[in-house]
Amino acid sequence: MVNIKINGVPLQVEEGTSILDAAKKINIKIPTLCYNPDLHPWAACGICIVRMEGSPKMVRACCTPVSEGMAIVTHDPEIIKVRRTVVELILSNHPNDCLQCPRNGNCELQRLAAEFGIRQVPYQSIVKDLPIDDSNPAIVLNPEKCVRCGRCVKVCQDMQNVWAIEFLGRGINGRIASAADVPLGDSPCIKCGQCAAHCPVGAIYERDDTTKVWAALQNPNVHPVVQIAPAVRVALGEEFGLEPGTIITKKIYAALRRLGFKTVFDTNFSADLTIMEEGTELVKRLTQGGDIPLITSCCPAWVDYMEKYYTDFIPNFSTAKSPQQMMGAMIKTYWAQKAGVDPAKIFSVSVMPCTAKKWETTRNDDMRSSGYQDVDVSITTRELARMIKQAGIDILNLPDEEADSPLGPYTGAGTIFGATGGVMEAAVRTAYYLVTKKELGDVNFVAARGLKGVKEAEVDLDGKKIRIAVAHQMGNIAAVLDKIREAREAGKEPPYHFVEVMACRGGCIGGGGQPYGCTDEVRAKRISGIYHDDEKSTYRCSHQNPYIKQVYDEFLGEPNSHKAHELLHTHYVARPLYLK
């Protein structure tokens, strides 16, 4: 611990703490633009400058560690003037079209300009005429709006280990671009959207598909059906002023009906369905032979990454589709028959925490297993929030409503899909039953929970020890896969039997389409909300869901049946990093 003073206030903090973090401990806010708690600070913007008492030298608070006896001044007229000048210089290179920007009202540069009371910029405006790159099915890149904070580059390269985005040029000619300056759609991008989630301005954002949804809702010849993902229920409320992790599931159902959807289902149901298919697949591989470990396939960004970077693991991938795509197939087959609705008239929409889900809807021909495109449009949590606001719906004061049956009711196992480790925990709950024909005494598999990048544990399935690993945030995945590969090449037994992978930190609750401002503190609250939803569920294991049993009895037969494989399973192919 070291003793310091900030603006004359004595403080004791751990040695190595940054000035920025030390100031937060006594409720002093130092403005930043390039800084993000998910990333190592690299002092790109210069807005966080402070100085030592009695010294004219200014240092950057985000990357300067405190030391014994340090006396820091965070705000004085000169410091404020310098910060204001920095913001003005950034604005002089930034388009002045806030009203048309997707980040209008939720832009960190806009907020800084307001805080500093900037009404005009005293410098010549030099805005580069750079084209928008909309070649990617999930992410739009507008380099003209880039403030060169570097967040997207550090996220893509350091957090995700994808390297699809980089800086090109120097000085005033510097710009953000996809790797090798190819269109973003031809780059190694895996569509995870973490660049968009971390961008402070409107330089990178999700492709907006709400106009397609509005058109379907207004078409009298269409039957619009919607599903909502597990992670949406604990994050959407943030867009309406609620604390992260607040569960508003039943109000979301009500809001969707008021938007005009005729039928409202819940992706948690198809998460239960996924567990039945994937859990059965795991048990078959363990008892009848097959490539081990089995690796989860729920996350489309991870599927994209695997098909590009780890193609030798294709035989290990579960063939089970994601819950989104399983639901899409069931809506246009089983439910359409049961409800007497022509599947050609169904417009199937998913609300997801993820931008990669947009790409997944057309990933390959398996996504048309119903004979039609199984999911017509996928929108993010942010897009749904905008639609609710556009429709003037006061969601927080709506009466609670239920999802429609039979593809709506879900178990606690279905809802925990939204958090890292949730798929693993849900699978363990049901795999134990499939192997032993007995219910697990304590369904809480805490070893799979938490924000540690890689979690390892051992599960006892009635005397058979199953080694599992859970990895989230794409940059953490290589350690697990390389360990498996090394054992394989050495002719040794694999270190794991079952591996869960999620591309985004925290899992889907931290997805690229979730409300902005996600930090580990926010992730922890969303995860807490997910597990609270699990704990209050009547059923907590997927195989206990009576509607899951009904679907198999009436339509699918049994898990991994021929019909289930036709509708609920997929395949993978090796693909190049660059398309052209």
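Note that the numbering runs from 1 along the sequence shown for the chain.
- Around the NZ atom of Lys345, the shell of radius 6.0 Å holds no more than 12 heavy atoms that belong to other residues, nucleotides or ligands.
- Remark: Glu206 does not engage Lys191 in a salt bridge, criterion side-chain N to carboxylate O under 4.0 Å.
- Residues forming a salt bridge (Lys or Arg N to Asp or Glu O under 4.0 Å) with Glu558 (at least two apart in sequence, or on another chain): none.
- Environment of CD in Glu521: sparse, with no more than 12 heavy atoms of neighbouring residues, nucleotides or ligands closer than 6.0 Å.
- Residues passing the side-chain hydrogen bond (donor to acceptor under 3.5 Å, both in side chains) test with Asp533, sequence neighbours excluded: Tyr410, Thr415, Lys536.
- Remark: the Thr380 side chain and the Lys358 side chain contain no N/O donor-acceptor pair separated by less than 3.5 Å.
- A salt bridge is defined here as a Lys NZ or Arg NE, NH1 or NH2 lying under 4.0 Å from an Asp or Glu carboxylate O, and Arg382 with Glu239 fails to meet this definition.
- Using a cutoff of 4.0 Å between basic side-chain nitrogens and carboxylate oxygens, Asp376 and Lys332 are scored as salt-bridged.
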Solution key, residues 133-143 side-chain donor-acceptor pairs under 3.5 Å, sequence neighbours excluded:
residue, atom, partner, partner atom, Å
Asp133, OD1, Ser135, N, 3.1
Asp133, OD1, Ser135, OG, 2.6
Asp133, OD2, Leu184, N, 2.7
Ser135, OG, Leu184, N, 3.2
Ser135, OG, Gly185, N, 2.8
Asn136, OD1, Ala138, N, 2.8
Asn136, OD1, Ile139, N, 3.2
Asn142, OD1, Glu144, N, 3.3

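- Residues passing the salt bridge (Lys or Arg N to Asp or Glu O under 4.0 Å) test with Lys549, sequence neighbours excluded: none.
- Listed by chain and residue number, Glu281 satisfy the salt bridge (Lys or Arg N to Asp or Glu O under 4.0 Å) test with Arg285 (two or more places apart in sequence, or in another chain).
- Taking the side-chain hydrogen bond (donor to acceptor under 3.5 Å, both in side chains) definition, one finds that Gln337 meets it with nothing, sequence neighbours left out.
- By the 4.5 Å heavy-atom criterion applied to side chains, Cys541 and Val443 are counted as neighbours.
- The environment of Tyr309 atom OH is dense: over 12 non-hydrogen atoms of other residues, nucleotides or ligands sit within 6.0 angstrom.
- The one candidate from Arg540, His543, Arg429 that meets the side-chain hydrogen bond (donor to acceptor under 3.5 Å, both in side chains) condition with Glu439 is His543.
- The NZ atom of Lys563 sits 10.5 Å away from atom OH of Tyr334, with the distance rounded to the nearest 0.5 Å.
- Shown here are the salt bridge (Lys or Arg N to Asp or Glu O under 4.0 Å) partners of Arg505, two or more places apart in sequence or in another chain: Asp520.
- Inter-residue side-chain proximity for Phe417 and Ile530 is flagged as unmet; no heavy-atom pair is nearer than 4.5 Å.
- Contact of the Thr246 side chain with the Val234 side chain is not registered, since no non-hydrogen atoms from C-beta on lie closer than 4.5 Å.
- Summarising the local packing, OH of Tyr516 is surrounded by more than 12 heavy atoms from other residues, nucleotides or ligands at distances under 6.0 Å.
- Taking 4.5 Å as the limit, some side-chain heavy atom of Met387 sits within range of a side-chain heavy atom of Val213.
- The side-chain heavy atoms of Trp302 and Met502, taken from C-beta on, include no pair separated by under 4.5 Å.
- Counting only residues at least two apart or on different chains, the ring-ring contact (aromatic ring centres under 6.0 Å, His included) pairs with a member in residues 217-250 are His223-Trp335.
- In this structure Tyr572 satisfies the ring-ring contact (aromatic ring centres under 6.0 Å, His included) test together with Phe317, sequence neighbours excluded.
- Heavy atoms of other residues, nucleotides or ligands lying less than 6.0 angstrom from NE2 of His565 number more than 12.
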For a quick test of your reading: what N or O donor-acceptor pairs under 3.5 Å do the side chains of residues 192-205 make, sequence neighbours left out?
residue, atom, partner, partner atom, Å
Gln194, NE2, Gly510, O, 2.9
His198, ND1, Gln194, O, 2.8
His198, NE2, Asp38, OD2, 2.8

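- The list of salt bridge (charged side-chain N to carboxylate O under 4.0 Å, His left out) pairs with a residue in residues 362-372, not counting sequence neighbours, reads Glu307-Arg363.
- Taking the side chain as every heavy atom from C-beta outward, Thr361 and Val377 never approach each other to under 4.5 Å.
- Within the structure, every pair that satisfies the salt bridge (charged side-chain N to carboxylate O under 4.0 Å, His left out) test and touches residues 229-238, not counting sequence neighbours, is listed here: Arg233-Asp266, Glu238-Arg526.
- A donor atom on one side chain and an acceptor atom on the other are not found under 3.5 Å apart for Glu383 and Thr210.
- Taking 4.5 Å as the limit, every side-chain heavy atom of Lys262 sits out of range of all side-chain heavy atoms of Val225.
- Under 3.5 Å, the side chains of Asp291 and Asn316 contain no donor-acceptor pair of N or O atoms.
- Looking at Cys504 and His472, their side chains never come closer than 4.5 Å, going by heavy atoms from C-beta outward.
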